[in-house]
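A short worksheet on the structure shown next.
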Amino acid sequence: MRLLDFGSGQGDFLQKAGARWPDAELAGIELSEKAVGMTRRKIPWAHVFAANLFAPSIQLRELEQWADAAVCSEVLEHVDDPTAFLRAAARYCASGAKLLVTVPGGPMSSFDRHIGHRQHFTAGKLSRILDAGGWEVRRVLRAGFPFFNIYRALVIARGDKLAGDVTAKSTGSVLRLGRSAMRLFRILFCATLLDSPFGWQIIALACKR
């Protein structure tokens, strides 16, 4: 398997994928050079590039039509034109390649805007964007009910103060409470429904035309 991660960040997913599928070839495309450096230290055998899909560098040519499976997780909400991004991403996938996409649904919080979210999605909206970007939608799930929704509702309720919490401007007691809450939610997330009419995490499986 040739697996490509669009928006590979600090390489956490690729590291887990490499452990799960040791025979797979791994590659990642990420805008941040710093994050790419971190990924290369974690999984030096992966092909990871610091690049912008809207202005691709020459080095990306070796990945054209390369992947037969790809992931685009928590990326599309950060770009102004997700359809154009998906169309550009298709260039690096073989015909018939499968693509797994995850995006946030539900209302946007102040913290979401703080970390650069342009928009959130519904199942129908993500399906239309994938179709317009050259991908045949196979399945769309609305995951996360009830515990992920509860977590998101708390994030919305915390509002602008959450940005201060994350940047360590809050008191130690607030930070400890936040870390304890996240440990609890990581356990509860395992009991969320994979698909329901109320899920606030949108997951899609598509195939390149």
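Between the side chain of His117 and the main chain of Glu77, no donor-acceptor pair closer than 3.5 Å is present. Listed for the Ser8 side chain is no donor-acceptor partner under 3.5 Å among the backbone atoms of Gly11. With Asp68 contributing its side chain and Ala97 its backbone, the two residues share no donor-acceptor pair below 3.5 Å. Looking at Thr39, its side chain does come within 3.5 Å of a backbone N or O of Gly9 through a donor-acceptor pair. When atom types are taken as modelled, the side chain of Arg142 and the backbone of Ala123 share no donor-acceptor pair closer than 3.5 angstrom.
Looking at Glu30 and Ser32, their side chains never bring a donor and an acceptor atom within 3.5 Å of each other. Side-chain polar atoms of Arg113 and Ser110 form no donor-acceptor pair below 3.5 angstrom. At a cut-off of 3.5 Å, with distance as the only test, no side-chain donor of Gln15 or Gln10 sits close to an acceptor on the other residue.
The shortest non-hydrogen separation linking Ile156 to Pro107 is CD1-CG, 3.5 Å. Minimum heavy-atom separation, Gly18 to Leu26: CA-CD1, 3.7 Å. Smallest separation of non-hydrogen atoms from Ser73 and Thr102: OG-OG1, 2.8 Å.
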Given Phe13 and Glu74, is the side-chain contact (heavy atoms from CB on, under 4.5 Å) satisfied, shown in steps? CA-CA 12 Å; Phe13 171 75; Glu74 309 306 293; over 6 Å; no
As a quick check of understanding, evaluate side-chain contact (heavy atoms from CB on, under 4.5 Å) for Phe111 and Arg158, giving each step before the final call. CA-CA 9 Å; Phe111 183 71; Arg158 185 65 179 164; over 6 Å; no
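Within 6.0 Å of CZ on Phe148 lie more than 12 heavy atoms contributed by other residues, nucleotides or ligands. Within a 6.0 Å sphere centred on NZ of Lys125, heavy atoms belonging to other residues, nucleotides or ligands number more than 12. Within a 6.0 Å radius of CZ in Phe198, no more than 12 heavy atoms belonging to other residues, nucleotides or ligands are found.
Atom CZ of Arg61 and atom CD of Glu64 lie 7.0 Å apart (nearest 0.5 Å). Taking CH2 of Trp135 as the start and CG of Leu205 as the end, the distance is 10.5 Å to the nearest 0.5 Å. Atom NZ of residue Lys42 and atom NZ of residue Lys16 lie 9.5 Å apart, to the nearest 0.5 angstrom. Separation of atoms CG (Leu53) and CZ (Phe6) is listed at 6.5 Å; rounding is to 0.5 Å. Once rounded to the nearest 0.5 Å, the distance linking CZ of Arg91 with CD of Gln65 reads 9.5 Å.
A continuous path of hydrophobic side-chain contacts links Leu130 to Phe85 [ILVMFWY only; heavy atoms under 4.5 Å].
Residues Arg87 and Asp81 are not paired through a salt bridge, judged by the lack of any N-O separation under 4.0 Å between the basic side chain and the carboxylate. Between Arg2 and Glu25 there is a salt bridge, since at least one side-chain N of the basic residue sits less than 4.0 Å from a carboxylate O of the acidic one.
Between Asn149 and the choices Tyr151, Phe147, Phe145, the side-chain contact (heavy atoms from CB on, under 4.5 Å) rule is met once, by Phe145.
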